[in-house]
Structures are given as C-alpha cells and as structure tokens.
Novice: 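Submitted below is the structure of interest, expressed as structure tokens.
The structure displayed is predicted, hence computed values, not measured ones. Throughout, a chain's letter reflects where its sequence line sits, starting with A, and its residues are numbered from 1.
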There are 2 protein chains.
Amino acid sequence: MFSKACEYGIKASIFIAINSYEGRRVSPKEISKEIDSPQAFTAKILQDLVRHNIINSVKGAYGGFEIDKDKIASTKLSQIVNAIDGDKVYNHCGLGLHTCDENHPCPVHDKFKTIRAELKDMLENTNLEELALDIKSGLTFLKI
Amino acid sequence: MFSKACEYGIKASIFIAINSYEGRRVSPKEISKEIDSPQAFTAKILQDLVRHNIINSVKGAYGGFEIDKDKIASTKLSQIVNAIDGDKVYNHCGLGLHTCDENHPCPVHDKFKTIRAELKDMLENTNLEELALDIKSGLTFLKI
DNA sequence: CACAAATAGGATAAAATTATCCGAAATAAA
DNA sequence: TTTATTTCGGATAATTTTATCCTATTTGTG
Ligand code: FES
Ligand code: FES
C-alpha cells in the first residue's frame, strides 16, 4: 500500500510528535531504534519531511528533530503520505491506465474509486495528535 | 496498490475471458498489444496464472491461452491478485509491523483494517464475467 | 516423420526502491 | 575561538521489481 519510506516517515513523525510534547528533540538514531528502521535511510526521509515543512530540524549540539506543539493536531496523515509517496494513492488507476478518468474508466474503476476515496478520507481525517496519544497510552505500538 | 505484474495479470485475464466466450485462444503477443504491456514480461505472468489454475494454456499450433467458459463467472479478482501478489494486500500491516495483530496494533490499525476489509470484499465479490461484459459493451477499457 | 507454431523456462539486463557511508556545514557550549 | 555534536547532502551499494532474449519443449498438420 505505502512504500517502506512512507511507513518509516509516518512512524517517525508520530515518535517525534510524542517527544515534542515533552519538549525533547530526537535524533535519527533514537528514531530508527524506536521504530525499528534503518538509520541512514530514515535520516533521508526525515530530511524530506523537513523540506516539506512537516517537521523541523535543529542542527548542531542539542539539536535534533521536533514538531511545533501547536502543529501536531493539525498535521494530517495525508500530508506525510503526500510528501513521500506523492499523490498516486489518491489518483492512480487501480489497473495502471495512464489516467484515472471517469470518461475512460478501467474495468475496476467504479469499485476501486470508492475504496480509494475512503482511504483518502481516512488519511485526511487522521492527525498526528490522536496517533501520538494512542501510543502514549499504550493502546498502539510503533514496532514488532 | 497492486504490482505492475498484478495489473497486467488482471487485464490479461479479462481479455482472455472475452475471447474464450468466442472460443478463441489468444497469444502473449495479442494480449500485450491489447492491454499495452511488455510482451515477454506478460508471458511470464501468464505462466504464473496457468500454474495457479486460473487460465489454461495450449501449446503448439493453434494453441494459446484460454479460460473454461463455465469458469469465467466463478473466477474472482481475489484469486488473480492472490496468485500474483500473494496475500499481503489482505494481511499486511499498513505501517509495516511484522504482523497485523489485533492485540498489538500499529497506530493506524483500526482505521486501516476497515479499508483493507472493503478492498478484500470487493476483490472477492468481483468476477471475471462482469468485468469482461463491461469491456464488451464498451463501458470500460483495458488501455490508455 | 518432418515442419511450423506455440508455450515453458532459464539467463540476463534495466530500472526503481531500499539501504549504507562519509565528508561538509551548522550550531551550541566551553 | 576551538571543540563536540548534529543535520545535510552527495556518492555508492544492495535488493527487488520490471523487462528482455534466447533456447527447449510440446503439439497439430501436411
Ligand atoms: S480508471 Fe482505473 S481506477 Fe479509474
Ligand atoms: S497492525 Fe498495522 S494494520 Fe494492523
């Protein structure tokens, strides 16, 4: 469904959010340990998220990655997915036709678009805050 | 969502179904032309579908690929997807945890499983016959 | 039987994704 | 200002997916 890069990006963002609530910046090393991902690869993805203005980075001693506290609740899953995987999850034809077009539909278009729309809806209506809170309260997990 | 191989496999199966209704066998060359896919790669996928008993192949002169007419309506999309991409569409955790487990859920588990279940349901309740009929009546298309 | 027409299957190649490594640049503290 | 720490960014490598090519095998027909 999502690329590995996107999976790592989502999990990293959640972990950063949790720590930002406590005013703590985190490093790629901590993050990759906590979400069980390759460190250098994760660092690349973090750079990408910084460029897309989803997280902040602070260089130098006592630096690390963080998210503005008041931005956590308004950051949608869709923004992260879009930053890393682009818009293909939303727009790509299920059978790979060049464009998903209502006037030139592939055989699964009608059935597929419903599911794709629900996925889109889900991603656009899920924010980092709720995901972070569930982790904090031990309801959900970031690894294994 | 699906791999290229799976997309090709689905489109090829539909095209084979259409022709099987007319008692015509088709070659990888015809198929790849009709679904706009690389010929040799498509041939590999066809072999895979044969091994999974989804289509039949007949070697030698006047040979080609076909599907038993009375099997078309009972062949589900899920069988094709399962043959080529395996069961990951149904079982894989949205964030890549080793197993999708109700007792050890990832942050998006609850929201994700609903969508995944609908996808599964869609694939299990869509058969080759309906897809082939829509193509025949010009309602849907296999390429561009 | 010999030949032509097809699929089967192994060996490679190309491209995309995932992953690693290392030096440069920035920054805070001593 | 020097040093330690940390992100940034380019180069490279490994793996997986996608794609091609060539030969073997099967099978119907003359
Ligand atoms: S045309 Fe294929 S999903 Fe819309
Ligand atoms: S645990 Fe991630 S989707 Fe179920």
Novice: If you check the A40(B) side chain, which of dT20(D), dA19(C), dC8(D) turns out closest?
Specialist: dT20(D)
Novice: In this structure, how many angstroms lie between the C1' atom of dT17(C) and the OH atom of Y8(A), rounded?
Specialist: 11 Å
Novice: Could you work out which one of dC8(D), dT20(C), dT18(D) sits closest to the side chain of K59(A)?
Specialist: dC8(D)
Novice: Where the side chain of R116(B) meets the backbone of G94(B), is there a donor-acceptor pair that is under 3.5 Å apart?
Specialist: no
Novice: What does nucleotides 11-16 of chain C look like as a protein-contact string, B for base, S for sugar-phosphate only, - for none, at under 4.0 angstrom between heavy atoms?
Specialist: B-----
Novice: Specify the separation, in whole Å, of atom CD of E30(A) and atom C1' of dT7(D).
Specialist: 14 Å
Novice: Between L77(B) and L133(B), is there a shared hydrophobic cluster once you connect ILVMFWY residues whose side-chain heavy atoms come closer than 4.5 Å?
Specialist: no
Novice: Toward the 5' end of DNA chain C, which comes first, S27(B) or S37(A), by nearest nucleotide?
Specialist: S27(B)
Novice: Check for me, please, whether L139(B) and I18(B) land in the same ILVMFWY cluster - side-chain distances under 4.5 Å, paths through other members count.
Specialist: no
Novice: Could you check how far CD of E66(A) sits from P of dT27(C), rounded to whole Å?
Specialist: 13 Å
Novice: From the options dT7(D), dT18(D), dT18(C), select the nucleotide whose nearest atom is closest to the side chain of S3(B).
Specialist: dT18(D)
Novice: Of the options dT18(D), dT7(C), dA5(C), whose atoms approach the side-chain atoms of S57(B) most closely?
Specialist: dT7(C)
Novice: Could you tell me how the ring of F2(A) sits relative to the ring of F112(B): parallel (under 30°), tilted (30 to 60°) or perpendicular (over 60°)?
Specialist: tilted
Novice: Name the nucleic acid region contacted by R51(A), choosing base, sugar-phosphate or nothing; use a 4.0 angstrom heavy-atom cut-off, strictly under.
Specialist: sugar-phosphate
Novice: Would you say that L142(A) contacts P107(B) through its side chain, given a criterion of any heavy-atom pair below 4.5 Å between the two side chains?
Specialist: yes
Novice: Whole angstrom is fine here: how far is it from CZ in F65(A) over to P in dT5(D)?
Specialist: 18 Å
Novice: At under 4.0 Å, does any side-chain N or O of Q47(B) touch on OP1 or OP2 of dG9(C)?
Specialist: yes
Novice: Under a plain distance cut-off of 3.5 Å, with no hydrogens placed, do K111(B) and T126(A) share a side-chain donor-acceptor pair?
Specialist: yes
Novice: Among dT7(D), dT18(C), dA19(D), which nucleotide sits nearest the side chain of P28(A)?
Specialist: dT7(D)
Novice: Using whole Å, report how far CG of L49(A) lies from P of dG9(D).
Specialist: 14 Å
Novice: How many Å lie between CG on L46(A) and C1' on dC8(D), as a whole number?
Specialist: 12 Å
Novice: Tell me: CD1 of I45(A) to C1' of dT7(D), nearest whole Å?
Specialist: 15 Å
Novice: Are E30(B) and K33(B) close enough for a salt bridge, meaning some N to O gap below 4.0 Å?
Specialist: no
Novice: For dA19(D) and Q39(B) - does any side-chain N or O of the residue sit under 4.0 Å from the phosphate oxygens OP1/OP2?
Specialist: no
Novice: Please determine whether residues Y90(A) and I54(A) belong to a single hydrophobic cluster, defined as Ile, Leu, Val, Met, Phe, Trp and Tyr linked transitively by side-chain heavy-atom distances below 4.5 Å.
Specialist: yes
Novice: Rounded to the Å, how far apart are K29(A) NZ and dT7(D) P?
Specialist: 11 Å
Novice: Can you figure out which of dA29(C), dA19(C), dT29(D) approaches the side chain of Y62(B) most closely?
Specialist: dT29(D)
